[in-house]
There are 2 protein chains.
Amino acid sequence: MAPPDTRTQILDAAERLFAERGYRGTSVRAITDLAGANLAAVGYHFGSKAELMAAVARRVIEPINTAQHAGLDRLLARTSDPAVTELVEAFAGPLFDEIPTGDEDGAQTSQLIVTILSDPAEEVRSWTGPTQNTVRERYLAAFGRALPGLSPEELWFRMRGLLAVTAVDRIETHQQRTPACLSPVAGEATRHWAITFLTAAMSAPPTKT
Amino acid sequence: MAPPDTRTQILDAAERLFAERGYRGTSVRAITDLAGANLAAVGYHFGSKAELMAAVARRVIEPINTAQHAGLDRLLARTSDPAVTELVEAFAGPLFDEIPTGDEDGAQTSQLIVTILSDPAEEVRSWTGPTQNTVRERYLAAFGRALPGLSPEELWFRMRGLLAVTAVDRIETHQQRTPACLSPVAGEATRHWAITFLTAAMSAPPTKT
DNA sequence: GTTTGATTAAAACGAACGTATGATTGAAGT
DNA sequence: ACTTCAATCATACGTTCGTTTTAATCAAAC
């Protein structure tokens, strides 16, 4: 088996540590130590710690975004007006498919995504790929056709709720805040639960003003 | 006007800076500078930076928790089986009532709550008041009676979704990720939207297995 | 008027941080 | 054999961090 080059070993180590300890809580030294690389390797391969963070974010988020785009493409190729459930599944599904479920790698990646989306530091959120913005607007338009009568503002609010649930869902699972009385849950079940939950939420009648 | 004592000025400054820059991104020096206090005052009044964070978290979260408790008490005093909408409003309402809406203080506090709930550092999440755990379990029991046929595990999943939406909702609003075409939204509207959205989500029929 | 106890002020501590520098390697190109 | 150049290495720099220590301040108590 070919030994992975230093660059990807640093990426792997950074992905793990950024998820576990956050951006500011992770030192470049900790990353290079875990990667078995030299301290200066980060500067050489990525330029700076911030650019390393951007590279990590890109590697995690890009496949999810392209899967979301592809899912919507597949729906729109079949019909010009997909159902709400189909749109929910196409949007939320990649967040389950592209992330290993069950093992703790999944919780790690989920925690990293939450960090990327919510960290106060500009440098952490800085990378938002060109697809990141367009994917939401494409789904916004599709949901708008599937849910006439909803104001654009309320629809946008619901889109944010959609993302919040799918992103936040899985980190709490691994913070062992689950009550002891509950049995552990398989990854596939939560996927279905999420789609049920979110389809009902998106399909709610418009709020009377 | 009585001059606020150093202790609360430090608390105010810390609350603002922790929200804006996160826990690790905020130095004790920045806090005391903003508070107009001396560097050593943090050590004197709170013991350490971590204990200051705990004090800030307590001051923000405690009124929300007690309001959630009181809301459920009020419902249960009236009937032993409140409706789902009432439970949603009692749970999510305080997150809107106890936080100033509209101005940027509200977005600040919301960002702080997200930090408290999601920061990877143990010290940040360390303070979870005694009410924090019990309030969720009380609502869990109440939702369980209102939604028979739902497995405890799926119900718990939906409870987490409930929290995710209410917590994450408002930070994105202030990260100016909103598309320019949308008009700004009043705080009162989002409150109603959230209750509509979440009531529908919680009321969804059980997922077929 | 002096003592006391609670604050605040100023300075310094060692440790850890991100980054930059210059030497060293080793395989490919000529 | 010599050059080239991407890659890695050890090391050091300047800064900032949380915390501690010691001295000064000041109202109230006696």
Side-chain angles (χ1 to χ4, degrees), chain A residues 2-59 112 115-116 119-127, chain B residues 1-58 112 115-116 119-127:
Chain A
D5 59 355
T6 306
R7 206 189 117 96
T8 61
Q9 279 195 261
I10 289 176
L11 273 175
D12 291 340
E15 180 173 327
R16 171 162 157 199
L17 292 179
F18 282 150
E20 282 179 1
R21 313 179 189 175
Y23 176 71
R24 304 206 76 132
T26 303
S27 69
V28 178
R29 285 171 175 81
I31 294 172
T32 52
D33 282 358
L34 180 62
N38 187 268
L39 174 60
V42 165
Y44 177 77
H45 286 285
F46 300 95
S48 67
K49 182 188 178 184
E51 290 170 278
L52 169 59
M53 175 78 231
V56 170
R58 178 161 52 251
R59 196 175 63 155
L112 180 63
T115 293
I116 293 171
D119 195 289
E122 172 81 20
E123 335 155 56
V124 181
R125 272 180 293 108
S126 68
W127 185 87
Chain B
M1 173 154 137
D5 59 356
T6 306
R7 207 189 114 96
T8 62
Q9 279 195 262
I10 290 177
L11 272 175
D12 291 339
E15 180 172 325
R16 172 164 156 198
L17 292 178
F18 282 151
E20 282 179 0
R21 313 180 189 175
Y23 176 71
R24 305 206 74 132
T26 303
S27 68
V28 178
R29 285 172 174 83
I31 294 172
T32 52
D33 283 358
L34 181 61
N38 188 268
L39 172 61
V42 166
Y44 178 77
H45 286 285
F46 300 95
S48 68
K49 182 188 178 184
E51 291 170 278
L52 169 60
M53 175 77 230
V56 170
R58 177 159 52 248
L112 180 63
T115 293
I116 293 170
D119 195 290
E122 173 79 22
E123 335 155 57
V124 181
R125 271 179 293 107
S126 69
W127 186 86

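Residue numbers begin at 1 in each chain, while the letters A, B, ... track the order of the sequences. These numbers come from a predicted model, not from an experiment.
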To the side chain of [X], which of [options] is closest?
X       : options               : value
A:Val28 : C:dT19, C:dT21, C:dA6 : C:dT19
A:Leu39 : D:dG18, D:dA12, D:dA7 : D:dA12
B:Arg29 : C:dT19, D:dC17, D:dA7 : D:dC17
A:Ala40 : D:dA10, C:dT19, C:dA9 : D:dA10

Is any side-chain nitrogen or oxygen of [X] closer than 4.0 Å to OP1 or OP2 of [N]?
X       : N      : result
A:His45 : D:dT8  : yes
B:Thr6  : C:dT8  : yes
A:Ser27 : C:dC17 : yes
B:Asn38 : C:dT7  : no

[X] [atom1] - [N] [atom2] separation (whole Å):
X        : N      : atom1 : atom2 : answer
A:Ile10  : D:dA7  : CD1   : P     : 12 Å
A:Glu123 : C:dG18 : CD    : C1'   : 11 Å
B:Asp33  : D:dG18 : CG    : P     : 12 Å
A:Leu17  : C:dG18 : CG    : P     : 12 Å
A:Phe46  : C:dA20 : CZ    : P     : 16 Å
A:Tyr44  : D:dT11 : OH    : P     : 21 Å
A:Lys49  : C:dA20 : NZ    : P     : 14 Å
B:Arg24  : C:dA16 : CZ    : C1'   : 10 Å

Exercise for the section: Return the 5'-most residue of the pair A:Arg7, B:Gly47 with respect to DNA chain D, ranking by each residue's nearest nucleotide. Expected result: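 It is A:Arg7, whose closest nucleotide lies nearer the 5' terminus.
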Test item: [X] side-chain N/O and [Y] main-chain N/O as donor-acceptor pair under 3.5 Å:
X       : Y        : value
A:Thr26 : A:Leu17  : yes
A:Arg21 : B:Pro120 : no
B:Lys49 : B:Tyr23  : yes

Exercise for the section: Select base, sugar-phosphate, or nothing to describe what B:Ala41 touches, counting heavy atoms under 4.0 Å on all strands. Expected result: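 B:Ala41: no heavy atom of the nucleic acid under 4.0 Å.
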Exercise for the section: Classify the nucleic acid contact of B:Thr26 as base, sugar-phosphate or nothing, counting any heavy atom under 4.0 Å across all strands shown. Expected result: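 Answer is sugar-phosphate: B:Thr26 comes under 4.0 Å of backbone atoms only.
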Exercise for the section: Give a yes-or-no answer on whether the side chains of A:Ser48 and A:Glu51 include a donor-acceptor pair shorter than 3.5 Å. Expected result: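 Their side chains do contain a donor-acceptor pair, which is all the 3.5 Å distance test asks for.
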Problem - NZ/NE/NH1/NH2 to OD/OE distance under 4.0 Å, A:Arg7 and A:Asp12 - result: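 No, A:Arg7 and A:Asp12 are not salt-bridged.
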